[in-house]
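Here, residue 1 is the first one in the sequence, and each next residue gets the next number. Any value given below was found using the heavy atoms of this structure, including those in side chains, with hydrogens, waters and symmetry copies removed.
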Amino acid sequence: MIAAIVRQSGINLCLKNSSPLRKSDVVFSHLLLHFSTVTDPTVPEMLMRKHNFSPAAASQAAPVLARMRNPNKSESAITFLKENGFSKTQVDNIVKIWPQFLSANLEKTIKPKINIFQDSGFSANDAVAIISNDPRILRQSLKNRIIPCLSTLKGLLGSNFEVARLLKNCGWFLETNLDNNLIQNVEFLKNYGLPLEQITWSMHYFPMILLRKPETVRKFVYKAEKMGVRKSSRMFIHAVRLFSSMSEETLELKLRTFHALGFSEDDIAATFRSVPLVFGVSEKKIKEVKDVLFATGKYKMSCIVKNPVSFMYSVEKRYKPRFKVLEILESEGLIEKWPCLAVLCRMSGKKFYEKFVGPYLDRVGDVYVAKGVVIGNGEVERGFEC
């Protein structure tokens, strides 16, 4: 309705002014046409019908098509993707993340950047997964970005398989100048004494650390060293990651929280060396874990100090279901004592089931196996969440 009123106003304006069209009149006419097309609800509807787009993808694509002189150009891009193994869901995801893909030059922009993966030895499935997970890769320069980055990553990780595994989750490794960050950071960490295995592992699991500015990464490394974490420890890179995601103020707040719980300076230093990620747990979660452990009457603060990793487990999914089972078993005289905290929190769901649930299924099955299905041999078909 609004678009119709605006169009009519524009027509009336033109009729009243019979002088030759000025440049501003032409621009105004184009704006009116653009406005009416973009807001036309039939465009997304057409895309959903014709290409089976989701509503989200259709709404992202509609303005791009409205700006194209030849909207049919997008057909060739979509067809090319489908012919090269991209599923409907993957095409949909590409359009949602980078709708300008529809107006990109197929021969110059799209084809060469998809083909380079297969030309470099990646499987067709890997190429599809990498591009569909982060289609912004297609905006990068083939010569100046994609080819050099693929070469650098293969040199570091050793194989196309490992590179593909990385890029399926972290496409931004092809969207930055790796000489400015990754290469310098890897060289620094190697010279500092970190095993290459730890460095490449961190690329997969904490990729943003190695894409930070080199001077920033050095600062995080020296902080981890100051806290007493050994370079040879697998916890070192976790400590570096912790500093990379936490401000000085937040860290100070966490240290005060642990002091208030009864941790000494030596306790805190030992915790940082063994499980630095505990300091990434929120103050609220720390309090919840402490309260639920204390409420059992079985675990004292000294137990928690010796097992700070206990703060990292879920109250609702691990502690409460297990406590209900242990309470029933103890009340019926089926166990003499509860497991120590170190065993209780680390024990897998399967092990806990085998020791405390399976043998007493008729007593505690209704309490514990709420998320699983007990099958003939007394095992849980799905679950062991606790």
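- Ring-plane geometry between Y222 and F188 is classed as perpendicular, the angle between the planes exceeding 60 degrees on a 0 to 90 degree scale with a lower cut at 30.
- S244 is not listed as a side-chain neighbour of F206, based on a closest heavy-atom distance of 4.5 Å or more.
- Residues F323 and W338 have side chains in contact (heavy-atom distance under 4.5 Å, counting atoms from C-beta outward).
- Distance check: I130 CD1 to N169 CG gives 10.0 Å after rounding to the nearest 0.5 Å.
- The side-chain heavy atoms of R165 and L157, taken from C-beta on, include no pair separated by under 4.5 Å.
- For NZ of K88, the number of neighbouring non-hydrogen atoms (other residues, nucleotides, ligands) closer than 6.0 Å is greater than 12.
- Clustering ILVMFWY residues whenever any of their side-chain heavy atoms sit less than 4.5 angstrom apart, transitively, puts L251 in a cluster other than the one holding L253.
- Side-chain N or O atoms of S151 include none that pairs as donor or acceptor with a backbone N or O of I147 at under 3.5 Å.
- By the side-chain hydrogen bond (donor to acceptor under 3.5 Å, both in side chains) test, K298 is found to be paired with E330, residues two or more places apart in sequence or in another chain being considered.
- Judged by distance alone, with hydrogens and angles left aside, the side-chain atoms of Q198 form no donor-acceptor pair with the main-chain N or O of P195 at under 3.5 Å.
- Of all heavy-atom pairs between L106 and P112, the closest is O-CD, 4.1 Å.
- Between the side chain of N307 and the backbone N or O of V309, no donor-acceptor pair lies under 3.5 Å.
- The two residues W98 and P135 have their closest heavy-atom pair at CE3-O, 3.7 Å.
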Start with the C-alpha gap between Y313 and R346, add the side-chain angles, then the distance that decides, and say whether side-chain contact (heavy atoms from CB on, under 4.5 Å) holds.
CA-CA 9 Å; Y313 294 100; R346 290 180 173 89; 3.9 Å; yes
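- The heavy-atom pair separating K168 from D126 by the smallest distance is NZ-OD1, 2.8 Å.
- Between C170 and P207, the closest heavy-atom pair is SG-CG, 3.5 Å.
- Between atom CD1 of residue I78 and atom CG of residue D92 there is a gap of 10.0 Å, rounded to the nearest 0.5 Å.
- Scanning for side chain to side chain contact (heavy atoms under 4.5 Å, CB included) contacts around K306 gives an empty result, with sequence neighbours left out.
- Ring geometry for F272 versus F279: interplanar angle of 30 to 60°, hence tilted.
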Start with the C-alpha gap between R234 and E197, add the side-chain angles, then the distance that decides, and say whether side-chain contact (heavy atoms from CB on, under 4.5 Å) holds.
CA-CA 10 Å; R234 293 187 67 86; E197 177 189 350; 3.6 Å; yes
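- The only member of L138, I137, V163 that meets side-chain contact (heavy atoms from CB on, under 4.5 Å) when paired with L174 is I137.
- Heavy atoms from other residues, nucleotides or ligands lying under 6.0 Å from CZ of F161 number 12 at most.
- To the nearest 0.5 Å, atoms OG (S310) and CG (L341) are separated by 5.0 Å.
- Of the N and O atoms on the side chains of D267 and S264, at least one donor lies less than 3.5 Å from an acceptor on the other residue.
- Note: K190 NZ to N185 CG = 13.0 Å, rounded to the nearest 0.5 Å.
- Side-chain atoms of R318 come within 3.5 Å of backbone N or O of C345 as a donor-acceptor pair.
- Around CD of E215, the count of heavy atoms belonging to other residues, nucleotides or ligands within 6.0 Å exceeds 12.
- The shortest non-hydrogen separation linking C149 to F173 is SG-O, 3.5 Å.
- Remark: the backbone N or O of L344 is paired with a side-chain donor or acceptor of R322 at under 3.5 angstrom.
- Put simply, F236 and Y205 are part of the same group of oily side chains (I, L, V, M, F, W, Y) that touch within less than 4.5 Å, one to the next.
- Using a 4.5 Å heavy-atom threshold, the side chains of L293 and F311 count as separate.
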List the steps, then state whether side-chain contact (heavy atoms from CB on, under 4.5 Å) holds for L153 with M203.
CA-CA 10 Å; L153 292 173; M203 288 176 64; 3.9 Å; yes
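- Each of E225, K231, E187 was compared with Y192 under the side chain to side chain donor-acceptor pair (under 3.5 Å) criterion, and only E225 meets it.
- Rounding to the nearest 0.5 angstrom, the gap separating the CG atom in L182 from the CD atom in Q184 is 10.0 Å.
- By the 4.5 Å heavy-atom criterion applied to side chains, F356 and V364 are not counted as neighbours.
- Using modelled atom types, one finds no donor on one side chain facing an acceptor on the other under 3.5 Å when comparing N93 with S132.
- Under the 4.5 Å side-chain heavy-atom criterion for Ile, Leu, Val, Met, Phe, Trp and Tyr, I97 and V91 are members of distinct hydrophobic clusters.
- Taking the side-chain hydrogen bond (donor to acceptor under 3.5 Å, both in side chains) definition, one finds that K223 meets it with E248, sequence neighbours left out.
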Assess whether ring-ring contact (aromatic ring centres under 6.0 Å, His included) is satisfied between F258 and F263, documenting all intermediate values.
CA-CA 6 Å; F258 279 90; F263 282 69; 5.0 Å; yes
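- At least one side-chain heavy atom of S202 sits less than 4.5 Å from a side-chain heavy atom of L210.
- Residues V229 and H238 have side chains not in contact (no heavy-atom distance under 4.5 Å, counting atoms from C-beta outward).
- In terms of heavy atoms, R273 sits closest to S233 at O-OG, 4.5 Å.
- In this structure, the side chains of I286 and K290 stay at 4.5 Å or more apart for every pair of heavy atoms.
- Taking a cutoff of 4.0 Å between a charged side-chain nitrogen and a carboxylate oxygen, K285 and E288 do not qualify as a salt bridge.
- In this structure, CG in L194 is found 11.5 Å from CH2 in W201, a value given to the nearest 0.5 Å.
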Could you go through L150 and K154, starting from their C-alpha distance and side-chain angles, then the distance that decides it, and tell me whether this counts as side-chain contact (heavy atoms from CB on, under 4.5 Å)?
CA-CA 6 Å; L150 286 175; K154 188 171 181 180; over 6 Å; no
